[in-house]
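See structure below.
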Amino acid sequence: MSRHCMSACNHFMKPNLVKSLSSSSPRFSLPHLHQFSFHTSSKKDLTTVTSTHSNFIKSGLSNDTFTTNNLINSYLKLLRISHAQKLFDEMTHRNVVSWSLLMAGYVSQGQPNMALCLFHQMQMQTQGTLVMPNEFTFSTLINACSILASLEIGRRIHALVEVSGYRSDLVVCSSLIDMYGKCNCVDEARMVFDFMCVRNVVSWTSMITTYSQNAQGHLALELFREFNHFRLGKPNHFMLCSAVSACASLGRLGSGKIIHGVVIRLGHDANDVVASALVDMYAKCGCVSYSEKVFRRIPNPSVVHYTSMIVGAAKYGLGTLSLRLFQEMIDRRIKPNDITFVGVLHACSHSGLIDKGLELFNSMNEKHGMMPDPRHYTCTVDMLGRVGRIDEAYQLAKSVQVGSEDDALLWGTLLSASRLHGRVDIALEASNQVIKSNQQVAAAYVTLSNTYALAGDWENAHNLRSKMKRTGVFKEPGSSWIEIKESTYLFHAGDISKCSQKREMLNLLRELEGRMKERGHVGVTTGLVFVDIEEEAREEIVSLHSEKLALAFGLLNTPKGITIRIMKNLRMCRDCHEAFKLISDIVQREFIVRDVNRFHHFKNGLCTCGDFW
DNA sequence: TTAGGGTTAG
């Protein structure tokens with residue numbers, strides 16, 4: 001018998017316990033068993049738990065539900081799900097705790113489907129009376145649906161919650177908010193939140209996170225402000241993390257800095273996840289140097305910290321910094337994950353480091369034992385496509401078997417590259433593949449049409465546009481916005497009528513356009529028509545052009561380091577680059593342009609990452 | 001004896 005086992009037996013056979021066991025019926029001996037199992041559940045040693053388990057069997061009292069539940073719990077804490085399942089299977093009387101415990105065990109060990117199966121069994125159980133789920137069961141099941149993003153089952157469980165009388169339970173409601181959020185049903189999450197009689201910091205955080213994770217960062221920050229304004233509690237690291245993340249998604253440097261201040265004041269700056277969110281936020285707000293400062297203060301950076309930093313640097317055009325960080329993490333024996341590789345491949349792609357990028361792509365399997373997935377193939381196709389190695393990119397894309405959503409990304413990437421390099425043949429094939437995937441169809445039509453237009457094939461370009469109109473395929477016009485101090489200025493393609501400084505802006509735009517004409521860049525504008533707007537009218541060419549320049553206009557009034565965000569549908573053309581270059585000449589300072597994928601750092605009129613030229 | 005919220009992706 002091991003020392004642990006002896007120790008457990010000695011404890012079990014202490015005189016007072018022996019006395020009560022010998023002088024009482026088994027019924028009265030239960031409290032001691034409860035005490036015993038409670039004691040063991042706090043232990044983290046498998047030997048102790050198994051010896052306790054064996055003592056229960058020897059005692060002949062192992063049919064006790066309460067005690068067995070405690071043992072199941074002990075095994076679950078030791079991540080021994082099979083032991084817990086075996087005990088559960090052998091139980092003669094399972095109660096709601098037994099079921100809920102095992103469900104929670106499966107959820108925490110990444111098997112949420114098993115929890116749902118158990119619930120199904122629980123409802124079908126014929127042994128004794130039917131066990132009814134309680135608030136613990138529901139919150140665990142909702143958590144399982146959240147992980148699986150299973151809206152249908154989640155809604156069914158929500159219905160059961162309503163009829164079972166647990167609709168006012170704080171934990172159940174927070175789980176529901178989280179589940180709806182993870183299933184991208186923001187309105188349903190908000191309904192649960194609004195119907196809650198009592199809320200706590202967790203329920204507020206769940207709602208803030210739902211907004212933040214569903215591209216509604218402004219609502220996340222609004223709710224965060226409301227929580228603080230009404231002094232409903234002290235934000236904890238979970239809530240702060242989501243608020244920082246919301247700032248990152250909006251590119252709100254000012255708010256991000258304020259929240260960073262709150263993080264420090266409340267002593268959450270040492271929290272790893274908060275630090276990671278801050279690294280990401282500063283990078284997305286165009287302050288990679290701040291990201292690096294936060295990153296370098298993390299005592300033991302994890303793979304997520306490194307990845308945040310690698311991705312941030314990559315988007316900023318600092319490919320060599322990304323690669324240096326990647327090497328650093330390898331040297332520190334921190335294993336890169338799939339997202340790290342997406343980041344580092346992205347870095348190579350946008351910094352023209354093709355050989356290094358291909359080497360990394362090949363090393364994924366060879367050195368790191370990781371199979372590249374569609375995202376890695378897409379990055380590599382992008383890498384080859386950007387430098388004009390379209391045929392190689394095409395061959396690589398053809399070699400991948402992916403699902404429809406990934407197909408659209410993969411072939412959409414090749415389509416963009418084909419347009420950039422005027423390869424109508426590959427663009428046609430790529431657009432067919434995108435259309436076949438039934439995702440991003442409108443974008444594919446527009447890009448193909450632009451490819452034709454750039455190649456001078458106006459007939460096909462026009463035919464494609466007509467087809468779009470005929471079949472009702474509509475591409476949402478792009479929009480851009482710029483934040484100057486506390487205000488956000490939003491521009492829609494071809495429309496600056498709502499802009500408050502319209503007159504002033506138009507005057508400047510005329511001046512800029514005049515200077516652009518002098519430099520002979522207006523002729524290229526025709527390509528831009530098909531890239532960004534739906535109508536081919538000449539007037540709109542001018543106004544679209546103006547819109548781009550309007551974006552740049554903000555630079556004149558902004559401090560150094562302003563970030564311009566350009567949304568997905570607005571692609572940079574040479575004219576716009578020239579406009580930015582001109583403005584840079586005028587303002588004589590550095591500035592940063594951010595588009596959906598990356599930052600472009602301009603200095604003295606040149607994009608330092610070389611992406612534009 | 002059992003349950004809820006946060007970070008990195010083209």
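In what follows, chains are A, B, ... by sequence order, proteins preceding strands, each numbered from 1. Model, not experiment: these values are computed from the prediction.
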Item to check | Nucleotide B:dG5, atom P - distance to NE2 of A:His268 in whole Å | outcome: 17 Å
Checklist entry - Does B:dG5 have OP1 or OP2 sitting under 4.0 Å from an N or O in the side chain of A:Asn143? => result yes
Next on the checklist: Using the ring-ring contact (aromatic ring centres under 6.0 Å, His included) criterion, which residues pair with A:Phe295? Sequence neighbours excluded.
Outcome noted: A:Tyr306
Checklist outcome for this item: Of the candidates B:dG6, B:dT7, B:dT1, the side chain of A:Asn69 sits closest to B:dT1
Next on the checklist: Among B:dG10, B:dT1, B:dA3, which nucleotide has an atom closest to any side-chain atom of A:Cys379?
Outcome noted: B:dG10
Side-chain donor-acceptor pairs under 3.5 Å in residues 170-179 of chain A, sequence neighbours left out?
| residue | atom | partner | partner atom | Å |
| --- | --- | --- | --- | --- |
| A:Ser174 | OG | A:Leu170 | O | 2.9 |
| A:Ser175 | OG | A:Val171 | O | 2.8 |
| A:Asp178 | OD1 | A:Lys182 | NZ | 2.5 |
| A:Asp178 | OD2 | A:Ser146 | OG | 2.8 |

Checklist entry - Does A:Trp204 have any ring-ring contact (aromatic ring centres under 6.0 Å, His included) partners at least two apart in sequence or in another chain, and if so, which? => result A:Phe193, A:Phe227
Checklist entry - Under 4.0 angstrom, heavy atoms only, what part of the nucleic acid is A:Ser308 near: base, sugar-phosphate, or nothing? => result sugar-phosphate
Next on the checklist: Could you work out, with salt bridge (Lys or Arg N to Asp or Glu O under 4.0 Å) as the rule, every residue matching A:Arg333, not counting sequence neighbours?
Outcome noted: none
Checklist entry - When all nucleic acid strands are considered with a 4.0 Å heavy-atom cut-off, which category describes A:Val274: base, sugar-phosphate, or nothing? => result base
Next on the checklist: Parallel, tilted or perpendicular: which one describes the rings of A:Trp411 and A:Tyr394, with boundaries at 30° and 60°?
Outcome noted: perpendicular
Next on the checklist: Within the structure provided, determine whether A:Thr65 and A:Met91 are in side-chain contact (heavy-atom separation under 4.5 Å).
Outcome noted: yes
Checklist entry - In residues 237-246 of chain A, which residues come under 4.0 Å of DNA chain B by heavy atom? => result A:His237, A:Phe238, A:Cys241, A:Ser242
Item to check | With A:Phe224 via ring-ring contact (aromatic ring centres under 6.0 Å, His included) - residues at least two apart | outcome: none
Item to check | Gap between atoms NE2 and P, on A:His158 and B:dG4 respectively (whole Å) | outcome: 18 Å
Checklist entry - When we call it a touch if two heavy atoms are under 4.0 Å apart, what does A:Asn200 touch: a base, just sugar-phosphate, or nothing? => result base
Item to check | Separation of B:dG10 P from A:Leu345 CG (nearest whole Å) | outcome: 11 Å
Please list every donor-acceptor pair under 3.5 Å in which a side-chain atom of residues 370-377 of chain A meets a protein atom from a residue at least two apart or in another chain.
| residue | atom | partner | partner atom | Å |
| --- | --- | --- | --- | --- |
| A:Asp373 | OD1 | A:Arg375 | N | 2.9 |
| A:Asp373 | OD1 | A:Arg375 | NE | 3.2 |
| A:Asp373 | OD1 | A:His376 | N | 3.4 |
| A:Asp373 | OD1 | A:His376 | ND1 | 3.1 |
| A:Asp373 | OD2 | A:Arg375 | NE | 3.1 |
| A:Asp373 | OD2 | A:Arg375 | NH2 | 2.3 |
| A:Arg375 | NH2 | A:Asp338 | OD2 | 2.8 |
| A:His376 | ND1 | A:Asp373 | N | 2.9 |
| A:His376 | NE2 | A:Asp338 | O | 2.9 |

Next on the checklist: I want to verify a distance call: between B:dG5, B:dA3, B:dG4, whose nearest atom is closest to the A:Lys182 side chain?
Outcome noted: B:dG5
Checklist entry - Is any side-chain nitrogen or oxygen of A:Lys315 closer than 4.0 Å to OP1 or OP2 of B:dT8? => result no
Next on the checklist: I want to verify a distance call: between B:dA9, B:dA3, B:dG5, whose nearest atom is closest to the A:Val202 side chain?
Outcome noted: B:dG5
Checklist entry - Taking DNA chain B as the partner, which of residues 204-225 of chain A come within under 4.0 angstrom of it by heavy atom? => result A:Thr205, A:Ser206, A:Thr209, A:Gln213
Checklist entry - salt bridge (Lys or Arg N to Asp or Glu O under 4.0 Å) with A:Arg190: which residues, sequence neighbours excluded? => result A:Asp194
Checklist entry - Which part of the nucleic acid does A:Leu170 contact within heavy-atom distance under 4.0 Å: base, sugar-phosphate only, or nothing? => result base
Checklist entry - Under 4.0 Å between a side-chain N/O of A:Lys284 and OP1 or OP2 of B:dA9, yes or no? => result yes
Next on the checklist: Output the rounded distance in Å from CG (A:Leu141) to C1' (B:dA3).
Outcome noted: 10 Å
Item to check | Minimum-distance nucleotide (side-chain atoms of A:Val201 versus B:dT7, B:dG5, B:dG10) | outcome: B:dG5
Checklist entry - Quick one: does A:Lys257's side chain get under 4.5 Å of A:Tyr282's, heavy atoms only? => result yes
